[in-house]
Each structure stands twice: as C-alpha cells, then as structure tokens.
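To start, the structure under review is shown below, and the notes come after it.
We count ligands from 1, going down the list as the structure has it; atoms in each ligand are counted the same way.
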Amino acid sequence: MKIGRQEDYSVVILRQKEDKGLLEYAAVGDHGDQDALKSHFMKYFRLDVSLKHLFDNVWIPNDKMFAKLSPQGIRILAQEPWETLISFICSSNNNISRITKMCNSLCSNFGNLITKLDGVTYYSFPTSEELATRATETGLRDLGFGYRAKYIIETARKLAKDKVDSGIASDTEYLQKLCEDADYEDVREHLMSYNGVGPKVADCVCLMGLHMDGIVPVDVHVSRIAKRDYQISANKNRIKELRAKYNVLPITRKKINPELDYIRLMLLEKWGSHAGWAQGVLFSKEVGGTSGSTTSGEIKKRKWDSLEETEQTITKQVKLKVELSEIHIKEAKID
Ligand SMILES: Nc1nc2[nH]c(O)nc2c(=O)[nH]1
C-alpha cells in the first residue's frame with residue numbers, strides 16, 4: 001500500500017478483532033509516522049461514511065429491499081486509482097481468483113521488491129512507466145493475461161505519456177487531478193480514452209478509485225437487479241435524449257450503452273448521493289459472496305488450492321505481529 005501521499009509502498013497487516021468493532025493495523029519496517037498510518041486507514045476504509053446512517057435514514061425509508069439487509073460488512077474502499085484501473089481492466093470476463101492472480105503477477109514480474117518477511121516476498125504495484133518499459137504484450141500473454149495484455153500495455157503507455165504532457169509524476173496524483181473542476185461525465189470520457197476501458201470499468205474507477213460515491217457501475221448483475229427488483233427499463237425517448245446528451249462526448253457516445261446508462265441514472269435517483277455504496281450492498285448479495293463470479297454473469301467455484309494459499313499467507317502474517325518488534329499496533333473504531 002502507498003501510505004498517505006508517499007509514492008513508496010509499505011507492507012501493512014490488518015486484523016479485525018473478534019468483537020468486530022475494532023481493527024488492528026500495523027506497518028512493517030520503516031513506515032514513518034504512526035498518525036499518517038492511522039489517517040491512511042481512516043480514509044482507506046472510508047470511516048467518514050456511516051453505513052448505519054445510510055441504511056436508517058436514506059435507503060430503508062425509500063427502498064424496501066434494504067429493510068431485510070444488515071448495515072454490516074460491505075463498504076466501498078478508497079482504493080489507489082491506478083491499481084483500480086488496471087485491476088478492473090483485468091476483471092473483464094474474469095473471476096476474483098484469476099484477477100487476484102493477475103494483479104500479483106503484475107507486481108512480482110514488473111513491480112519493485114518491498115520486503116521479504118517470513119518467506120513471503122512483497123512487491124509494489126508497477127507504475128505506468130514501469131509497466132510500459134518492463135512489460136510487453138507478448139510477455140503478458142505468456143503470463144496468462146490473454147486479450148487483456150494489449151489493453152494493459154496500451155493503457156500504461158498512454159497514461160505514462162499523459163502524465164509527461166501534464167507535468168505530473170505520480171499515477172495517483174494524475175488520476176486524482178482529473179476530478180478537480182471536472183464533472184463525472186468528463187472524468188468518465190477521459191477514463192474511457194484508455195484502451196480496454198468501457199463504461200463499467202470507468203465507473204468502477206470513479207466509485208472505488210476516485211471516491212465518487214454516487215456512481216453505480218452497471219454490469220450484468222446490477223442490470224438484472226434493476227430489471228427484476230425495480231422494474232427499470234428505458235423507453236425510446238429517454239434513450240434518444242441520452243444519445244443527444246452525449247453528442248459532445250465522442251468516446252462516451254461510442255462506448256456507452258444508453259439502456260445501461262439509463263439504469264445508472266435511475267438508481268442514482270433512487271439511492272441518492274451514496275448510490276454506489278447501495279449497489280455494492282446489493283451486488284455482493286447478488287453474486288452470493290462467491291469469488292467465482294465473472295463479468296459475464298457466469299459463476300464458477302473458487303479452487304481449493306488458492307483458498308489454502310490465502311489461508312497460509314494470513315497465518316504467516318498474524319504470526320508476524322508477535323514476532324517482529326518493529327511492528328506497531330494501533331486501533332481504529334469502525335461502524
Ligand atoms: N457492478 C459492480 N461491479 C463490481 N465489481 C466489483 O469488484 N465490485 C463491484 C460492484 O460493487 N459493483
């Protein structure tokens with residue numbers, strides 16, 4: 001993770017206490033300021049947003065679907081926008097186990113070594129320049145990225161160039177700056193100028209990487225929820241209006257599906273300023289907590305071998321907490 005405004009990556013350890021109200025966190029090695037670490041996690045977990053408040057005061061009064069659900073567990077995180085962009089390019093027609101593998105493979109093949117702990121080696125997520133200079137399309141194909149290889153390389157090259165053109169060195173800062181003085185529609189238009197980025201990926205970056213809490217990424221799952229539970233479907237006039245609205249945004253006009261964009265707008269109207277969070281709650285219920293759901297709607301079971309691998313890693317990390325004297329533990333309250 002990048003902590004605060006730092007460009008360097010740190011390895012962090014997190015554990016939710018059994019009473020579920022407390023989160024233990026730690027950074028390994030030279031992590032700098034403890035207050036910066038605390039404030040990083042407050043931002044990362046978006047502890048400024050109370051799900052209980054959203055359920056009780058916004059969603060339940062307007063939407064009976066939420067009365068049966070619990071305001072616990074599902075939050076939209078404030079993720080690093082460049083990692084979010086590349087991860088969602090990898091997510092195309094893919095499931096969580098394979099997306100995780102691809103992201104790890106990008107780090108271990110093209111990132112920089114951060115540290116080695118208890119037999120586990122940690123690498124940074126490669127920057128756009130690192131990917132553009134260290135990876136090739138053929139190399140990525142050989143690593144199993146398939147047709148996504150071309151999108152990743154072209155996106156990395158374009159973003160690296162965009163940064164040079166605007167005099168910004170950091171991927172995080174470049175993408176965050178897109179939102180300054182720009183409407184959502186303009187940010188989405190720019191994000192969709194990268195190869196492999198359609199409306200769903202752009203909206204996931206807006207919601208999870210750029211903190212646009214009202215954005216609802218509409219994919220097969222959300223579209224199914226909208227039609228089945230809310231009877232939302234666009235009529236010809238609304239589609240025509242949307243097409244006309246996007247005449248001034250050529251990439252949006254080309255890439256958008258107006259029926260899905262209409263669903264996004266209707267759900268924003270229904271759920272309000274944190275509509276992206278509301279869809280997160282329903283999306284996770286819809287895909288059933290499975291890690292095998294793909295963007296095409298197909299659900300495959302997660303393989304046992306990767307589950308065991310994850311559990312082993314967690315065991316190692318928890319052990320680290322007691323073994324290493326340089327780890328500092330602090331606690332933050334979550335709702
Ligand atoms: N429509 C959505 N797609 C998603 N993918 C992902 O990883 N999270 C989401 C989500 O909340 N909504």
Side-chain angles (χ1 to χ4, degrees), residues 44-46 49 51 54-55 59 63 65-66 69-104 106 125 148 151-152 184 188 191-192 196-230 232 255-257 259-300 302 306 310:
Y44 182 74
F45 288 108
R46 295 295 311 273
V49 177
L51 264 187
L54 289 169
F55 265 77
W59 299 333
D63 184 346
M65 291 293 166
F66 282 87
L69 299 170
S70 152
Q72 276 188 345
I74 302 298
R75 306 182 65 82
I76 300 294
L77 302 178
Q79 297 181 80
E80 197 288 320
W82 163 243
E83 292 176 25
T84 311
L85 176 61
I86 292 297
S87 310
F88 274 100
I89 290 177
C90 292
S91 79
S92 150
N93 199 24
N94 213 344
N95 64 47
I96 294 175
S97 300
R98 291 193 59 220
I99 301 164
T100 308
K101 256 190 196 154
M102 285 180 182
C103 292
N104 286 337
L106 290 177
F125 195 90
R148 302 166 200 88
Y151 299 155
I152 291 168
Y184 154 70
R188 182 177 60 173
L191 289 173
M192 289 198 296
V197 180
K200 155 76 199 285
V201 171
D203 283 348
C204 283
V205 176
C206 286
L207 173 65
M208 297 161 205
L210 298 170
H211 320 163
M212 295 189 184
D213 296 322
I215 300 307
V216 177
V218 183
D219 55 9
V220 283
H221 306 291
V222 174
S223 161
R224 188 188 318 118
I225 292 168
K227 288 177 188 153
R228 183 192 64 212
D229 300 339
Y230 299 96
I232 295 174
K255 290 195 171 180
I256 209 97
N257 173 333
E259 280 90 1
L260 299 185
D261 203 48
Y262 177 79
I263 291 175
R264 179 185 65 76
L265 288 164
M266 289 300 98
L267 292 176
L268 170 63
E269 200 174 300
K270 183 153 195 67
W271 294 325
S273 65
H274 285 72
W277 288 60
Q279 72 77 39
V281 171
L282 298 183
F283 174 87
S284 79
K285 184 170 160 268
E286 187 73 11
V287 300
T290 168
S291 60
S293 177
T294 69
T295 47
S296 63
E298 189 191 354
I299 295 182
K300 291 182 197 142
R302 185 178 185 170
S306 50
T310 309

Find all atoms of ligand 1 within a distance of less than 4.0 Å from any non-hydrogen atom belonging to Met208, and give their numbers and elements. 8 (N), 9 (C), 10 (C), 11 (O)
Just wondering, do Trp59 and Leu51 contact through their side chains at under 4.5 Å, heavy atoms? yes
For Arg75 versus Arg46, what's the shortest heavy-atom pair and its separation? NH2-O, 2.5 Å
For Asp219, the ligand 1 atoms with a heavy-atom partner under 4.0 Å come out as 1 (N), 2 (C), 3 (N)
Please name the pair of heavy atoms, one in Ala275 and one in Leu267, separated by the smallest distance, quoted to 0.1 Å. CB-O, 3.9 Å
Do Lys270 and Tyr230 make a side-chain contact, defined as non-hydrogen atoms from C-beta onward lying under 4.5 Å apart? yes
Output the list of atoms in ligand 1 that are nearer than 4.0 Å to some heavy atom of Val222, sorted by atom number. 1 (N)
Distance filter under 4.0 Å to Phe88 heavy atoms, resulting ligand 1 atoms: 5 (N), 6 (C), 7 (O)
Protein residue, atom and distance nearest to atom 9 (C) of ligand 1, heavy-atom basis: Phe283 CE2, 3.4 Å
Examine the proximity of ligand 1 to His221 and report which part, side chain or backbone, both or neither, has a heavy atom under 4.0 Å away. neither
For Lys200, counting its heavy atoms only, list the atoms of ligand 1 lying under 4.0 Å from any of them. 3 (N), 4 (C), 5 (N)
According to the interplanar angle, ranging from 0 to 90°, do the rings of His221 and Phe283 count as parallel (below 30°), tilted (30 to 60°) or perpendicular (above 60°)? perpendicular
Write down the atom of Asn93, the atom of Arg148, and the distance for their closest heavy-atom approach. O-NH2, 3.4 Å
List the atom of Ile89, the atom of Ile152, and the distance in Å for their closest heavy-atom pair. CG2-CG1, 4.1 Å
Gln279 near ligand 1, heavy-atom distance under 4.0 Å? yes
Return the closest protein heavy atom for atom 1 (N) of ligand 1 as residue, atom name and distance. Pro217 O, 2.9 Å
